[in-house]
S.K.: 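Below you'll find the structure I mean.
Worth knowing before you read on, the calculation uses all heavy atoms, side chains too, and leaves out hydrogens, waters and symmetry mates. Quick note on labels: first sequence line is chain A, next is B, and so on, each numbered from 1.
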Protein chains: 2
Amino acid sequence: MKINNDSNTEKSILEAAERLFLQKGFSLTSTTAIGKEAGCNQALVHYYFRTKERLFEAVFENKFRLFVSGLVQKVDSGLSFEEKLRTAIEAHYDMLAANPGIPFLIFNELTTNPRRLENFKSRIRELPVTVLKQFQKELEEEIKKGKVRPVAPVDLLLTIISMNVSLFLVGPVIKTALDLSERDYKKLLESRRSENVAVILRSLRP
Amino acid sequence: MKINNDSNTEKSILEAAERLFLQKGFSLTSTTAIGKEAGCNQALVHYYFRTKERLFEAVFENKFRLFVSGLVQKVDSGLSFEEKLRTAIEAHYDMLAANPGIPFLIFNELTTNPRRLENFKSRIRELPVTVLKQFQKELEEEIKKGKVRPVAPVDLLLTIISMNVSLFLVGPVIKTALDLSERDYKKLLESRRSENVAVILRSLRP
DNA sequence: ACCTTATTTAATAGCTCTATTAATTTATAA
DNA sequence: TTATAAATTAATAGAGCTATTAAATAAGGT
C-alpha cells in the first residue's frame, strides 16, 4: 500500500485553500473552487479535511499565529525604549508586508462569525502576559522620566495596530482607486513603513 | 387603486436590509433573512427591489455617500490650519461613530467584489478636486512656513483614514477580546476621539 | 357594486454548495 | 503476481439561496 510519505496532494489543497481564503474569505470560497485551484476533485478536499470548516481552521490557525508572533516578540533589551519600539513596529509591519492578506482574513472572519470571535477571545487570554507587563512598565518609566507624554498602553497599542494593520486593509482599495502600478504601490507601501514609525514616535513626544 | 403614498413596507425592507448588510455583508445576508427581519415575505423583497444586488446598491450608495461627505467637507476658513485639521478629523470621526458599520461594509465589499471596486474607482474621480487641491496647497504653505514637518498630502490623508477608520474596523473585535461592557467600550471610543487628533497633530510637528 | 391596479403570499424552478457514498485506480508489501 | 490499503473520481442526496410566476387579497376610483 502507499504510505503517507510525501502526500503532495494534501499540501497543495492546503495551499490552494490558503490563497483563496485570503482572497475571498470563508463564505465566498467553495470547496469546489479549492479543488479546482489545487488541481483535483472537490471530493478530495473533503477526503483530506472532512469539512470546509476544518480546512479553514487549519489556515486560520496558521495565519493567526503569524499575526500574533509578529506583534508580540522579544526585542534586544540593550536598546533604548524608542529603539525597541521602532524595532517592534517595523517587525510588525514586515510580517504584514510578507502576509498582506492576513488582516483581511482575520478581521473579516472575526466580524462576521461570532463563533470564531469567541474562540479568539480565549486565545487572547493565552497570550504571554509578561511581554505586555514589561511593555507597560517600560512605558510608564519613560513617562515618569518625562521622555514620553502621558499615554495609556492600550492607546499606544491601538495606534500601532491601527497604523500598520489598516494600511494592509485599505491598501488594495487605494491601489485600485488611484490606479497605481504594481511598482508604485510597492513604493507607497515601502514609504509607509518609515512613515508609520515616524507618526507613532512623534505622537509620543512630550 | 392604492397609490404609492406612504408605502411603509418598502421602507422597512430597506431598513432591514441596511441592518443586516452592515452586520454580515452582502453574501452572508439572504433575501429570506431580509424579508423575515422586515416582517414580510421574501418574495416581497424582490417585488420592491427586483434583485438582491439592486437592494444592496441602494444601501451601499447611501452609506458610501455618508462616508465621503464625512471626509470631504467645508470647514470654517477663518480657522488656523491646525484648527481646520482638528475639525475635519473630528467630523470624520463623528460620522463614523454615528455609523460604525460603514467601514466594514465598504471595505469588505470592495475587497471581495472586483466589480464594486471598479465602480468605486470611477466614483473617486468625481470627487470635488478643489477641496483636495486646497488641502494640498495649505499643507505645502504650512510646511514652507516651517510650522509642519515635510509630509506628502497622501501620507497625511492615509494617516487620518487609518486612525479613524481602523478604530471602527477593529473596535468590535477589541470589545469582545477585552470583554468590555457597552459602557467601557463607549468610553474607549470617546477617548480615542481626542487621542486620534492628538496623534495626528503631533505627527505633523516639525 | 364593480372594475382596476397595487400589494402580498405560496409555490416552485433552477442553481450552487457541502458532504457522503460507492466505485475505480494506484501503489506497495508480501 | 496478488492481496490490501490508500488515493482519487463520479454521482448524488439534501439543503439553502435567488428569482419568477400565478394566484389571492386589499384598496381606491367611478
S.K.: Roughly how many Å is it from CG in A/Asn41 to P in C/dA23, rounded to a whole number?
M.R.: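 Spelled out: CG on A/Asn41 to P on C/dA23 is 17 Å.
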S.K.: Roughly, in whole Å, what's the span from CD1 in B/Ile13 to P in D/dT18?
M.R.: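 Going from CD1 in B/Ile13 over to P in D/dT18 covers 14 Å.
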S.K.: Output all residues satisfying side chain to side chain contact (heavy atoms under 4.5 Å, CB included) with B/Leu156, sequence neighbours left out; order by chain, then residue number.
M.R.: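 B/Leu156 satisfies side chain to side chain contact (heavy atoms under 4.5 Å, CB included) with B/Leu85, B/Phe135, B/Leu139, B/Ile160, B/Ile200, B/Leu204 once adjacent residues are dropped.
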S.K.: State which residues pass ring-ring contact (aromatic ring centres under 6.0 Å, His included) with A/Phe104; sequence neighbours excluded, sorted by chain then number.
M.R.: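 For A/Phe104 there are no ring-ring contact (aromatic ring centres under 6.0 Å, His included) partners, ignoring immediate neighbours.
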S.K.: Whole angstroms only, please: what is the NZ-C1' distance between A/Lys36 and C/dC17?
M.R.: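 Result: 15 Å.
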S.K.: Given atom NE2 of A/His46 and atom P of D/dA10, what is their separation to the nearest angstrom?
M.R.: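 Rounded to whole Å, this separation is 15 Å.
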S.K.: Can you give me every donor-acceptor pair (side chain of residues 20-28 of chain A, partner residue at least two apart or in another chain, under 3.5 Å) with its distance?
M.R.:
from: A/Lys24; atom 1: NZ; to: B/Thr112; atom 2: O; distance (Å): 3.0

S.K.: Take B/Phe60 and B/Phe67, measure what ring pair (Phe, Tyr, Trp, His ring centres under 6.0 Å) needs, and give me the verdict at the end.
M.R.: CA-CA 10 Å; B/Phe60 191 77; B/Phe67 183 73; 9.9 Å; no
S.K.: Quick one: list whatever passes side chain to side chain donor-acceptor pair (under 3.5 Å) with B/Arg50, sequence neighbours left out.
M.R.: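 B/Arg50: no side chain to side chain donor-acceptor pair (under 3.5 Å) contacts found.
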S.K.: Taking only Lys NZ, Arg NE, NH1 and NH2, and the carboxylate oxygens of Asp or Glu, determine whether A/Glu18 and A/Lys11 approach each other closer than 4.0 Å.
M.R.: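 A/Lys11 and A/Glu18: not salt-bridged.
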S.K.: Which one, C/dT9, C/dA19, D/dT9, comes nearest to the side chain of A/Cys40?
M.R.: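 Ranking C/dT9, C/dA19, D/dT9 by closest atom to the A/Cys40 side chain puts D/dT9 first.
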S.K.: Would you say B/Thr9 reaches C/dT8's phosphate, i.e. side-chain N/O to OP1/OP2 under 4.0 Å?
M.R.: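 Result: yes.
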S.K.: Sequence neighbours excluded, which residues qualify as side chain to side chain donor-acceptor pair (under 3.5 Å) partners of A/Ser203?
M.R.: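 Once residues adjacent in sequence are excluded, A/Ser203 has no partner under the side chain to side chain donor-acceptor pair (under 3.5 Å) criterion.
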S.K.: State which residues pass side chain to side chain donor-acceptor pair (under 3.5 Å) with B/Asn108; sequence neighbours excluded, sorted by chain then number.
M.R.: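 Testing B/Asn108 for side chain to side chain donor-acceptor pair (under 3.5 Å), a comparison that skips the adjacent residues, returns none.
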S.K.: Can you give me the bend angle of the helix from C/dA1-D/dT30 to C/dA30-D/dT1? Use the axis through the first five pairs and the one through the last five, nearest 10 degrees.
M.R.: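 The end axes of the helix from C/dA1-D/dT30 to C/dA30-D/dT1 are about 10° apart, to the nearest 10°.
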S.K.: Kindly compute the distance separating CZ (B/Arg193) from CG (B/Leu96), expressed to the nearest 0.5 Å.
M.R.: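 The distance works out to 11.5 Å.
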S.K.: Take A/Leu158 and B/Leu188 through the side-chain contact (heavy atoms from CB on, under 4.5 Å) test and state the conclusion after the steps.
M.R.: CA-CA 11 Å; A/Leu158 253 175; B/Leu188 174 69; 4.3 Å; yes
S.K.: Each nucleotide N or O in nucleotides 13-17 of chain D that has a protein N or O under 3.5 Å away: list the pair and distance.
M.R.:
none

S.K.: Of the residues in residues 19-27 of chain A, which ones touch DNA chain C at a heavy-atom distance under 4.0 Å?
M.R.: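 Those residues: none at all.
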S.K.: Within residues 108-117 of chain B, find the residues that approach DNA chain C with a heavy atom at under 4.0 Å, and present them sorted by residue number.
M.R.: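 Output list: empty, so none.
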S.K.: Which whole-number value in Å describes the distance from A/Leu44 CG to C/dA23 C1'?
M.R.: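 Answer to the nearest Å: 15 Å.
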S.K.: Picking from C/dA10, D/dA19, C/dA19, which would you name as closest to the side chain of B/Gln42?
M.R.: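 That would be D/dA19.
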S.K.: Counting only heavy atoms not in B/Arg54, do more than 12 fall under 6.0 Å of its CZ?
M.R.: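 No - once you tally the heavy atoms of other residues, nucleotides and ligands closer than 6.0 Å, there are 12 at most.
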S.K.: With sequence neighbours left out, write down each residue that passes salt bridge (charged side-chain N to carboxylate O under 4.0 Å, His left out) with B/Lys137, or none if nothing qualifies.
M.R.: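 Here no residue qualifies.
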S.K.: To the nearest angstrom, how far is B/Glu53 atom CD from D/dA19 atom P?
M.R.: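 In whole Å, D/dA19 P lies 9 Å from B/Glu53 CD.
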S.K.: How close or far is atom P of C/dT8 from atom CD1 of B/Ile34, stated in whole angstroms?
M.R.: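 Between P of C/dT8 and CD1 of B/Ile34: 16 Å.
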S.K.: Please tell me if A/Tyr47 has a side-chain N or O lying less than 4.0 Å from either OP1 or OP2 of D/dT8.
M.R.: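 No, outside the criterion.
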S.K.: Could you tell me the separation between the OH atom of B/Tyr48 and the C1' atom of C/dA6, rounded to a whole number of Å?
M.R.: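 Rounding to the nearest Å, OH of B/Tyr48 and C1' of C/dA6 are 8 Å apart.
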S.K.: Can a salt bridge be assigned to the pair A/Arg123 and A/Glu61 using a cut-off of 4.0 Å between side-chain N and carboxylate O?
M.R.: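 Looking at A/Arg123 and A/Glu61, the cut-off is met.
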S.K.: Checking A/Asn113 now: which residues fulfil side chain to side chain donor-acceptor pair (under 3.5 Å) with it, not counting sequence neighbours?
M.R.: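 Partners of A/Asn113 by the side chain to side chain donor-acceptor pair (under 3.5 Å) criterion come out as none, since no residue qualifies.
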